[in-house]
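The structure under discussion appears below in the form of structure tokens.
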Number of protein chains: 2
Amino acid sequence: MAFDSHQAGYIALAEFRYRIRHFLNASERAARSAALEPEQYQLLLAVRGMPRGQSPTIQALAERLQVRHNTVVERVDRLAKLGLVRRVRSRSDRRVVIVGLTARGNRVFEKLARMRLRELRQVGPELVAALGDVVKAARRLGTARRKN
Amino acid sequence: MAFDSHQAGYIALAEFRYRIRHFLNASERAARSAALEPEQYQLLLAVRGMPRGQSPTIQALAERLQVRHNTVVERVDRLAKLGLVRRVRSRSDRRVVIVGLTARGNRVFEKLARMRLRELRQVGPELVAALGDVVKAARRLGTARRKN
DNA sequence: CTTATTATATCGTTTAACGATAGAATGGGC
DNA sequence: GCCCATTCTATCGTTAAACGATATAATAAG
């Protein structure tokens with residue numbers, strides 16, 4: 001087994017990861033440039049970028065951010081202390097907390113989000129290319145030995 | 001300011017993040033299913049997926065993983081203790097350490113990497129779609145009229 | 001041969017995420 | 001109405017990865 005026949009796939013996979021990491025790192029730097037922890041910006045984004053019709057409750061945010069609910073509670077605590085978000089108890093179900101951005105939170109968020117969208121105009125094509133490569137490699141993996 | 005004109009862009013951005021997080025979480029679960037920390041699998045991938053012609057030195061790996069070099073040192077320590085990688089001093093420059101997978105490391109890595117490629121056959125299209133959306137939104141940001 | 005640079009390693013600190021746990025509000029079955 | 005299970009949010013102690021600062025060794029430059 002001198003060289004695995006999937007070597008090209010591994011390289012494509014690693015390259016994809018590299019591009020993602022680059023993208024995420026740039027995002028983290030942007031967040032810190034606004035005196036925010038990266039995770040705090042992610043929370044703001046999740047609140048403002050909630051799919052239409054859904055409310056940014058603690059639970060819903062946990063799902064969107066793919067973290068445990070208590071992690072969201074902690075992030076909201078920190079952002080509330082910074083005056084960027086506020087908790088609003090739901091009228092219909094008083095167990096539920098709906099997270100909203102303050103005016104200041106909105107200003108900070110929009111500045112950052114637009115930076116990120118601008119960045120994506122630049123690196124978007126590279127991400128698309130890397131993703132395309134790895135998906136192609138993944139398909140080759142499938143056709144090598146057809147069993148489904 | 002009932003609704004920001006970039007609202008669709010924020011949703012696209014959040015959706016893209018959600019898909020990425022999903023992908024990364026699945027990767028982390030896969031790593032743990034092999035009794036590895038997610039970051040340890042990432043190191044294995046970076047070693048085996050190094051661009052052709054480049055050696056997986058501590059420095060090069062730090063660049064590829066987008067972390068500080070001492071972080072790579074620590075990851076290598078842990079993986080070496082598990083018997084999955086080994087350090088090899090470069091002959092030409094004895095400051096340099098080249099990281100290599102052991103036979104066991106290769107077996108573990110290949111199992112995981114193939115799982116990940118298979119997963120990408122499934123969710124690849126969703127990632128492509130989300131990325132396409134956000135890049136489109138980013139382009140609109142550029143061409144939109146600059147009000148307020 | 002002296003100094004600067006590059007590459008790796010060590011150590012103490014920080015902090016976000018987590019599991020476990022608790023408590024409050026709601027709903028279903030009767 | 002009442003009990004019990006469920007749902008939603010909050011608290012607390014622990015863990016572990018990443019980092020900055022620092023150290024050591026090899027090499028290059030002058």
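Lettering follows sequence order; numbering is per chain, from 1. When reading the values below, keep in mind they use all heavy atoms of this one structure, side chains included, and skip hydrogens, waters and symmetry mates.
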- Message: Students often mix this up, so state it plainly: with edges at 30° and 60°, are the rings of B:Tyr10 and B:His6 parallel, tilted or perpendicular?
- Response: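 B:Tyr10 and B:His6: tilted rings.
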- Query: According to the interplanar angle, ranging from 0 to 90°, do the rings of B:Phe109 and B:Tyr41 count as parallel (below 30°), tilted (30 to 60°) or perpendicular (above 60°)?
  - Reply: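 B:Phe109 vs B:Tyr41 ring planes: parallel.
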In this structure, how many angstroms lie between the [atom2] atom of [N] and the [atom1] atom of [X], rounded?
X: A:Arg75; N: D:dT9; atom1: CZ; atom2: C1'; result: 17 Å
X: A:Asn70; N: D:dT9; atom1: CG; atom2: P; result: 12 Å
X: B:His69; N: D:dC19; atom1: NE2; atom2: P; result: 10 Å
X: B:Glu74; N: D:dT22; atom1: CD; atom2: C1'; result: 14 Å
X: B:Ile98; N: C:dA9; atom1: CD1; atom2: P; result: 12 Å
X: B:Glu63; N: C:dA7; atom1: CD; atom2: C1'; result: 16 Å
X: A:Ile58; N: C:dA24; atom1: CD1; atom2: P; result: 18 Å
X: A:Asp93; N: C:dA24; atom1: CG; atom2: C1'; result: 11 Å

- Does the B:Gln66 side chain pair with the main chain of B:Glu63, one donor and one acceptor, at a distance under 3.5 Å?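 Here the side-chain-to-backbone pair exists.
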- Is the side chain of B:Thr102 donor-acceptor paired with the backbone N or O of B:Leu84 at a distance under 3.5 Å, no angle test?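 Yes, because the side chain of B:Thr102 sits within donor-acceptor range (under 3.5 Å) of the backbone of B:Leu84.
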Return no unless some side-chain N or O of [X] is found under 4.0 Å from OP1 or OP2 of [N].
X: B:Thr71; N: D:dC19; result: yes
X: B:Arg89; N: C:dA7; result: no
X: A:Arg94; N: C:dT26; result: yes

If you check every side-chain atom of [X], which of [options] has the closest atom?
X: B:Arg68; options: C:dT8, D:dT9, D:dG20; answer: D:dG20
X: B:Glu39; options: C:dA9, D:dT9, D:dA17; answer: D:dA17
X: A:Thr57; options: D:dT9, C:dA7, C:dA9; answer: D:dT9
X: B:Asp77; options: D:dA17, D:dT11, C:dT10; answer: C:dT10
X: A:Arg78; options: D:dA17, C:dA17, C:dC11; answer: C:dA17

- Got a sec? Which of residues 17-29 of chain B come in under 4.0 Å of DNA chain D, heavy atoms?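 Nothing qualifies; none.
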- Message: Side chains of A:Arg95 and A:Ser90: any donor to acceptor distance under 3.5 Å?
- Response: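 Not at all, the side chains of A:Ser90 and A:Arg95 share no donor-acceptor pair under 3.5 Å.
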- Which comes earlier along DNA chain C counting from the 5' end, the contact point of A:Gln66 or that of A:Arg91, where each point is its nearest nucleotide?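 Taking each residue's closest nucleotide, the earlier one in sequence belongs to A:Gln66.
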- Which heavy-atom pair separates A:Ala30 from A:Arg116 by the least distance, and what is that distance?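 Heavy atoms only, the tightest pair is CB-CD, 4.2 Å.
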- Task: Heavy atoms only: give me the nearest A:Arg86-A:Leu101 pair and the separation to one decimal.
- Result: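 In this case the closest contact between A:Arg86 and A:Leu101 is NH2-O, 3.5 Å.
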- Task: Flag the pair B:Glu110 and B:Arg48 as a salt bridge only when some basic side-chain nitrogen lies within less than 4.0 angstrom of an acidic carboxylate oxygen.
- Result: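 B:Arg48 and B:Glu110: salt-bridged.
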- Is there a donor on the side chain of A:Arg95 or the base of D:dT9 sitting less than 3.5 Å from an acceptor on the other?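 Absent.
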